[in-house]
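See below for the structure under consideration.
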Amino acid sequence: MNVTVNGEPRSCDEGATVRSLLRVLDLPESRVAVERNRAIVRKTDYAETALADGDRIEIVTFVGGG
């Protein structure tokens, strides 16, 4: 299936979830915010939120510093 991640087309396996996508992208769950089709996905829902063909995913990474 195909999804769009931060404006870039990406292929995903059937049954992929937000959590599995983050793992493929090597992004730590604790340091990102995820939006699926313009709706925020709660961190507690990452494992249960299945991706569907055509989904638009936006991922924002938190960066600390001073």
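Tracing side-chain contacts under 4.5 Å through hydrophobic residues (I, L, V, M, F, W, Y), one reaches Tyr46 starting from Met1; they form part of the same cluster. Under the 4.5 Å side-chain heavy-atom criterion for grouping Ile, Leu, Val, Met, Phe, Trp and Tyr, Leu51 is connected to Leu27 within one hydrophobic cluster. Hydrophobic clustering, with ILVMFWY side chains joined whenever heavy atoms are under 4.5 angstrom apart, groups Val18 together with Leu25.
Here the closest non-hydrogen pair linking Cys12 and Ala16 is CB-CB, 4.1 Å.
Applying the side-chain hydrogen bond (donor to acceptor under 3.5 Å, both in side chains) test to Asn2 and every residue at least two apart in sequence or in another chain returns nothing. Residues satisfying the side-chain hydrogen bond (donor to acceptor under 3.5 Å, both in side chains) test with Arg56, not counting sequence neighbours, are none.
Between Lys43 and Glu29 there is no salt bridge, since no side-chain N of the basic residue sits under 4.0 Å from a carboxylate O of the acidic one.
Atoms CZ and CG, on Arg36 and Asp45 in that order, are 11.0 Å from each other to the nearest 0.5 Å. Rounding to the nearest 0.5 angstrom, the gap separating the CD atom in Glu35 from the CD1 atom in Ile59 is 11.0 Å.
More than 12 heavy atoms of other residues, nucleotides or ligands shown are found within 6.0 angstrom of CG on Asp53.
Side-chain atoms of Thr61 and Val32, non-hydrogen and from C-beta on, do get closer than 4.5 Å to each other. Val41 places none of its side-chain heavy atoms less than 4.5 Å from the side chain of Ile57.
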